[in-house]
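Note that ligands are numbered from 1 as they come in the structure, with each ligand's atoms numbered from 1 the same way.
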Amino acid sequence: MKTNMWIVDNSENNVNSYPQLEEAASLLKKGEVVAFPTETVYGLGADATNDKAVKKIFEAKGRPSDNPLIVHIGNANQLDGLVEEVPLKAKRLTEAYWPGPLTLILKSKTGISQGVTAGLSTVGVRMPSHPVALALLQKVDLPIAAPSANLSGRPSPTTAQHVYEDLQGRIVGIVDGGQTGVGLESTVLDCTCEPPLILRPGGITKRQLEEVIGEVEVDQALLKEEEKPKSPGMKYTHYAPNAPLFIVSGTREFMRETIMKAQEGGKKVGVLSTEENYSFYPGDKVIVCGHREDQASIAASLYDSLRAFNQEDLDIIYSESFEREGLGEAIMNRLVKAAGHKIISEE
Ligand code: TXA
Ligand code: MG
């Protein structure tokens with residue numbers, strides 16, 4: 001299968017006028033699988049009401065079938081057609097943060113493909129804010145199931161090039177809208193329980209949620225390795241580069257010693273560093289991932305950095321550690337998964 005690349009320059013205000021989106025929309029309507037940019041990461045879309053189309057997503061990604069998909073809508077009114085009820089707190093959150101990087105888990109109505117819900121009685125729904133995603137969803141005018149557009153287990157794609165690397169020949173096309181903004185996937189919030197429960201930290205922080213609806217809990221399994229996460233997708237290994245990755249928690253002097261010790265032992269060392277510390281580390285390949293003082297910049301380039309290590313022949317990778325505060329919650333959640341919970345602490 002030839003994978004088309006449709007370039008859409010979203011610096012233009014009027015993305016709606018792009019003929020490339022017409023082609024992508026008509027293929028989606030016909031039951032094909034198309035990748036498109038969102039403000040978080042690229043998604044791999046298919047008609048959520050079409051079983052066969054949804055099945056193609058799982059095949060293209062090599063995704064386990066017990067992992068449900070998020071349904072994307074281009075208009076908040078479409079929510080009523082997908083779920084049994086919208087509790088008041090969920091409604092308030094849609095008003096505050098949609099369109100945006102927040103997925104709400106609600107009781108699903110029948111009619112959504114079983115493949116989307118993986119047989120659960122709930123469904124995750126979100127309305128993305130990326131202008132290209134919104135324009136495409138509005139043109140298709142169908143709920144679109146879309147997981148991140150990576151091969152299962154790889155870091156989520158933040159550029160069309162990442163999608164192409166993973167899925168060329170496996171899907172009909174990719175809408176290229178440049179680099180995504182947030183760089184990490186949406187926050188997933190279960191609104192079927194009280195208080196609502198964060199199943200996956202993401203672009204909307206716990207504090208932002210609590211500002212609107214009061215107390216919110218965090219799935220404890222996200223913090224402890226032993227517990228079984230409530231969100232099926234959170235139990236899988238993810239994002240890991242080819243060489244073993246360790247998070248190094250401590251001062252940058254400790255990081256430097258750790259790197260040098262490995263090099264003395266003959267290892268080729270990769271380092272994930274922030275801009276501030278770049279020149280301080282003697283690694284064989286030091287990749288810069290944002291500024292320490294600017295969490296958004298770290299989130300935006302994390303997946304690209306993790307992918308970049310695979311272009312080098314390394315024996316081990318050390319990453320700086322970050323505060324689990326605000327967006328840092330999501331950054332550390334992904335980094336710890338990528339490292340398979342391997343953390344080296346100074347104390
Ligand atoms: O930012 C995002 O959310 C991106 C973009 C493309 O929108 N999508 C994304 O989808 O990250 P995916 O499939 O890679 O991750 C969806 C996560 C998985 O962890 C899945 O288990 C969880 O959401 N999920 C989906 N439906 C669920 C449900 N009904 N109950 C619990 N968890 C659910
Ligand atoms: Mg994913």
Side-chain angles (χ1 to χ4, degrees), residues 33-46 48 54 57-58 60-74 82-84 97-109 112-130 132-134 136-137 143-158 162-163 166-167 175 177 180-193 196-204 219 221-222 228-239 299 303 330 333-334 337-338:
V33 171
V34 167
F36 61 96
T38 81
E39 74 282 19
T40 57
V41 300
Y42 273 74
L44 191 60
V54 169
I57 293 181
F58 286 87
K61 277 190 65 119
R63 181 177 175 109
S65 61
D66 68 342
N67 193 3
L69 307 177
I70 294 172
V71 177
H72 294 64
I73 55 179
L82 298 169
V83 304
E84 283 289 331
Y97 298 120
W98 277 11
L102 175 64
T103 296
L104 301 176
I105 305 292
L106 297 161
K107 286 203 190 89
S108 71
K109 250 186 195 153
I112 307 167
S113 158
Q114 282 287 305
V116 171
T117 58
L120 299 175
S121 58
T122 54
V123 62
V125 186
R126 92 173 186 98
M127 181 177 173
S129 64
H130 195 293
V132 174
L134 275 180
L136 181 65
L137 291 166
I144 295 293
S148 48
N150 50 285
L151 276 180
S152 211
R154 299 257 292 152
S156 297
T158 52
H162 293 163
V163 181
D166 279 16
L167 298 176
V175 179
T180 59
V182 181
L184 300 177
E185 303 87 339
S186 62
T187 303
V188 177
L189 184 73
D190 187 348
C191 294
T192 66
C193 50
L197 187 66
I198 295 176
L199 303 182
R200 178 175 75 182
I204 300 289
D219 184 2
L222 296 180
K228 189 174 176 293
K230 293 198 171 58
S231 176
M234 296 306 281
K235 69 172 184 273
Y236 296 106
T237 322
H238 252 112
Y239 320 127
Y303 289 149
N333 171 265
R334 306 310 194 275
K337 269 167 102 43

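- The minimum heavy-atom distance between Lys61 and Pro147, with the atom names listed, is CD-CG, 3.6 Å.
- Side-chain N or O atoms of Thr122 include none that pairs as donor or acceptor with a backbone N or O of Ser108 at under 3.5 Å.
- In this structure, the side chain of Thr103 does not engage the main chain of Gly124 through any donor-acceptor pair within 3.5 Å.
- Residue contacts with ligand 1 for Lys107 are absent, since no atom lies close enough (heavy atoms, distance under 4.0 Å).
- Across Val163, Val33, Ile144, a single residue satisfies side chain to side chain contact (heavy atoms under 4.5 Å, CB included) together with Leu44, and that is Val33.
- Here CG of Asp219 is found 10.0 Å from CD1 of Ile198. Values are rounded to the nearest 0.5 Å.
- For ligand 1, the polar-atom distance check finds an N/O of Arg126 within less than 3.5 Å of one of the ligand's N/O atoms.
- Proximity to Ser186 (heavy-atom distance under 4.0 Å) selects the following atoms of ligand 1: 1 (O), 2 (C), 3 (O).
- At least one N/O/S atom of Ser148, from backbone or side chain, sits under 2.8 Å from the Mg ion (ligand 2).
- The distance from ligand 1 to the heavy atoms of Thr40 drops below 4.0 Å at these ligand atoms: 1 (O), 2 (C), 4 (C), 5 (C).
- The side chain of Asn67, and not its backbone, has at least one atom closer than 4.0 Å to an atom of ligand 1 (non-hydrogen atoms only; side chain from C-beta on).
- Using modelled atom types, one finds no donor on one side chain facing an acceptor on the other under 3.5 Å when comparing Arg334 with Ser156.
- Atoms of ligand 1 found under 4.0 Å from any heavy atom of Gly43 (numbered from 1 in listed order, with element): 6 (C).
- In this structure, a donor-acceptor pair under 3.5 Å is absent between the side chains of Thr40 and Ser186.
- Heavy atoms of Leu120 come nearer than 4.0 angstrom to ligand 1 in at least one pair.
- Each of the following atoms of ligand 1 lies closer than 4.0 Å to a heavy atom of Ala146: 6 (C), 8 (N), 10 (O).
- Counting the atoms of ligand 1 from 1 in the order shown, those under 4.0 Å from a heavy atom of His72 are 5 (C), 6 (C), 7 (O).
- Considering Thr38, Leu102, Ile73 as possible partners of Arg126, the one that fulfils the side chain to side chain contact (heavy atoms under 4.5 Å, CB included) test is Thr38.
- Of all the heavy atoms of Thr122, the ones lying under 4.0 Å from any atom of ligand 1 are found in both the backbone and the side chain.
- Which of Arg63, His130, Lys61 comes nearest to atom 13 (O) of ligand 1 through a heavy atom is settled by distance: it is Arg63.
- Pro128 does not count as a contact of ligand 1, since none of its heavy atoms falls under 4.0 Å from the ligand.
- Those atoms of ligand 1 with a heavy atom of Pro68 less than 4.0 angstrom away are 20 (C), 21 (O), 24 (N), 25 (C), 26 (N), 27 (C), 28 (C), 33 (C).
- Interatomic distance, CZ of Phe36 versus CG of Leu134, reported as 10.0 Å (0.5 Å rounding).
- Screening Leu104, Ile105, Val71 against Val123 for a side chain to side chain contact (heavy atoms under 4.5 Å, CB included) leaves a single residue, Val71.
- Contact annotation: for Leu199 versus ligand 1, heavy atoms closer than 4.0 Å belong to the side chain alone.
- Listed by number with element, the atoms of ligand 1 under 4.0 Å from a non-hydrogen atom of Ser148 are 8 (N), 9 (C), 10 (O), 12 (P), 14 (O).
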